[in-house]
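Worksheet: one structure, shown below.
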Amino acid sequence: MQRDDFPCTCLKTMEKLISSSYKERPFPETYIFPPDARPGKLAVPLCNNIPVIDLGGGAEEASESDDRRTYILEQILKASQEFGFFQEFFEELPAEDKASLYSEDPNKSCRLFTSSSTGNYDGEDVHIWRDCLKHPCHPLEECKHVWPQKPIRYGELVGACSTQVRELASNILELIGEGLGVGAGYFRDELSQQMLLSVNYYPPCPEPSLTLGLPKHCDPNLITILLQGDVNGLQVFKDGEWIGVEPLPHALVVNVGYQLQIISNGKLKSAEHRAVTNSSEARISAGFFVMPSNDCLIEPAAALINASNPQLYKGFQYKDFFLNFGTKLGKTEQVLDRFKLQARLAS
Ligand SMILES: O=C(O)CCC(=O)C(=O)O
Ligand SMILES: [Fe+2]
């Protein structure tokens with residue numbers, strides 16, 4: 001882009017943001033999913049058996065390390081309540097400020113975009129009903145400078161939130177490492193080196209049964225911590241049907257990503273999920289994606305392979321998985337094919 005085109009060209013491209021334009025036109029056909037992928041009926045059962053882990057439990061046996069845990073928990077709860085800064089970003093930030101962040105270049109480290117993250121809006125078969133702000137959020141000091149400078153509280157609040165979520169994710173990964181029997185430190189360092197924040201904004205949609213905020217997928221990374229505000233919209237595919245994951249006050253959603261499924265040699269499974277829209281209110285969700293470094297070698301942990309548990313997946317570099325994932329949007333059944341060793345066993 002020529003410098004003197006800016007911000008004119010950028011503002012023009014920004015018109016694609018669904019949050020700038022959804023009120024002004026009849027429902028755009030380019031957002032209508034093929035019948036078999038549409039959400040269809042809007043009232044899905046709400047899930048009442050998703051495990052809820054109470055990190056603050058057992059207060060009567062509190063020790064000093066429990067105090068630390070409680071402190072972290074309080075910070076996380078605070079973070080999950082303070083959705084205001086994301087709202088401010090999407091609803092109140094002047095278009096000129098958003099224009100400087102808008103980009104369709106998937107390699108730009110901090111960017112605002114619309115629909116899928118492939119950077120190929122014009123080539124998409126169907127657009128999805130969301131705008132998204134994405135940037136790295138760990139290590140904080142190395143990435144903070146690329147974040148939005150406005151609203152002015154953004155850096156401070158998202159910085160505090162990222163630090164706390166990172167700590168929570170590390171704790172959860174230690175527990176998973178212990179639980180799997182590979183050791184509490186297994187996921188430290190390279191396997192969890194990066195963390196990306198993806199803030200989804202789903203404006204109210206006049207036709208929620210025809211379109212999606214996010215098509216079905218499993219997360220490509222190791223583990224995701226999701227703050228989903230207080231508006232329904234997240235659904236998980238379980239026992240052959242879509243069920244709603246009700247936002248619980250003070251709760252975060254933890255998603256097992258493909259890498260955890262592969263490293264655990266299939267002991268842990270990443271769950272298929274999607275986001276639907278609604279006609280009355282905007283929904284915001286913020287996903288913190290803990291992921292390996294790009295060059296990290298991913299393979300099932302040796303300790304989990306034996307005669308009765310043969311190795312299900314090949315070794316590969318994370319960046320190869322991620323590239324392949326980008327080409328398989330909405331085709332969850334194909335994502336793992338290239339990485340399976342025994343097609344009949346691995347799912
Ligand atoms: O908006 C949601 O609740 C889901 C977000 C999600 O699945 C993702 O960003 O990968
Ligand atoms: Fe997801």
Side-chain angles (χ1 to χ4, degrees), residues 18-19 33 37 39 42 44 46-47 50 79-80 83 86-87 89-90 106 110-119 127-137 158 161-162 165 169 172 194-205 208 211-238 242-261 268-278 281-291 321-322 325-326 328-333 335-336:
I18 194 72
S19 52
F33 271 70
L42 294 174
V44 299
L46 284 175
C47 202
I50 288 188
S80 62
F83 251 52
F86 295 134
Q87 200 104 30
F89 178 85
F90 280 103
C110 174
R111 69 184 184 111
L112 171 65
F113 58 93
T114 195
S115 197
S116 79
S117 58
T118 56
H127 302 314
I128 58 172
W129 196 265
R130 70 130 188 207
D131 293 336
C132 182
L133 173 68
K134 224 177 214 151
H135 60 67
C137 58
V158 177
C161 191
S162 305
V165 170
I172 294 174
Q194 310 189 72
M195 190 163 88
L196 201 71
L197 170 60
S198 172
V199 187
N200 301 301
Y201 181 78
Y202 311 100
C205 174
T211 192
L212 284 163
L214 263 185
K216 69 168 180 182
H217 67 282
C218 297
D219 291 345
N221 49 309
L222 190 64
I223 194 172
T224 309
I225 311 286
L226 184 82
L227 284 65
Q228 64 156 340
D230 53 10
V231 180
N232 278 311
L234 175 63
Q235 298 183 344
V236 63
F237 197 65
K238 192 166 178 289
W242 287 102
I243 44 179
V245 181
E246 198 174 7
L248 298 176
H250 313 312
L252 307 168
V253 174
V254 179
N255 268 340
V256 168
Y258 278 124
Q259 306 315 308
L260 207 42
Q261 174 168 333
L268 300 175
K269 291 263 189 290
S270 48
E272 243 174 36
H273 56 285
R274 68 182 185 183
V276 298
T277 60
N278 75 81
E281 53 189 338
R283 175 167 182 269
I284 293 178
S285 68
F288 291 83
F289 294 82
V290 177
M291 57 181 71
F321 185 94
F322 197 74
F325 178 80
K328 300 277 188 295
L329 229 60
K331 300 178 193 145
T332 41
E333 54 297 327
V335 173
L336 288 174

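On a predicted model such as this, the values are computed, not experimentally measured, just so you know. Order of appearance sets the numbers: ligands from 1, and atoms from 1 within every ligand.
- Taking backbone and side chain together, Cys218 holds no N, O or S atom under 2.8 Å from the Fe ion (ligand 2).
- Taking atom 4 (C) of ligand 1 as the reference point, the nearest protein heavy-atom neighbour is Leu234 CD1, 3.9 Å.
- Near Phe289, with a cut-off below 4.0 Å to any heavy atom, the atoms of ligand 1 are 8 (C), 9 (O), 10 (O).
- Shown are Ser198, Ser115, Ser117; of these, the side-chain contact (heavy atoms from CB on, under 4.5 Å) with Cys132 is made only by Ser198.
- For Asp219, every heavy-atom contact with ligand 1 shorter than 4.0 Å involves the side chain, none the backbone.
- Within the 4.0 Å heavy-atom criterion, the part of His273 lying near ligand 1 is the side chain and not the backbone.
- Taking every heavy atom of both residues into account, Val245 and Gln228 meet most closely at O-NE2, 3.0 Å.
- The protein heavy atom nearest to atom 9 (O) of ligand 1 is Asn200 ND2, 3.3 Å.
- Proximity of Leu214 to ligand 1, defined as any heavy-atom pair under 4.0 Å, is confined to the side chain (atoms from C-beta onward).
- Summary of contacts: the protein heavy atom closest to atom 3 (O) of ligand 1 is Arg283 NH2, 2.8 Å.
- Checking only distances, Asn255 never comes within under 3.5 Å of ligand 1, N or O to N or O.
- Between Tyr258 and Phe325, the two ring planes are perpendicular [angle over 60°; tilted spans 30° to 60°].
- The side-chain heavy atoms of Met195 and Leu197, taken from C-beta on, include no pair separated by under 4.5 Å.
- Here the closest non-hydrogen pair linking Phe33 and Thr211 is CD1-CA, 3.9 Å.
- Among all protein heavy atoms, the one lying closest to atom 10 (O) of ligand 1 is His217 NE2, 3.1 Å.
- Side-chain N or O atoms of Glu272 include none that pairs as donor or acceptor with a backbone N or O of Lys216 at under 3.5 Å.
- Of all non-hydrogen atoms in Asp219 and Asn255, the two that sit nearest each other are OD2-ND2, 3.3 Å.
- Looking at ligand 1, you'll find an N or O of Ser285 within less than 3.5 Å of one of its N or O atoms.
- Taking both residues in full, the closest heavy atoms of Thr118 and Pro106 are given as O-CG, 3.5 Å, listed atom of the first, atom of the second, then distance.
- The closest approach of Asp219 to the Fe ion (ligand 2), by N/O/S atoms, is made by OD1.
- The NE2 atom of His217 and the NE2 atom of His273 meet at the Fe ion (ligand 2) at an angle of about 90°, given to 10°.
- By the criterion of a heavy-atom distance under 4.0 Å, the side chain of Leu226, and not its backbone, is placed next to ligand 1.
- You'll find the side chain of Leu222 reaches within 4.5 Å of the side chain of Leu260, heavy atoms only.
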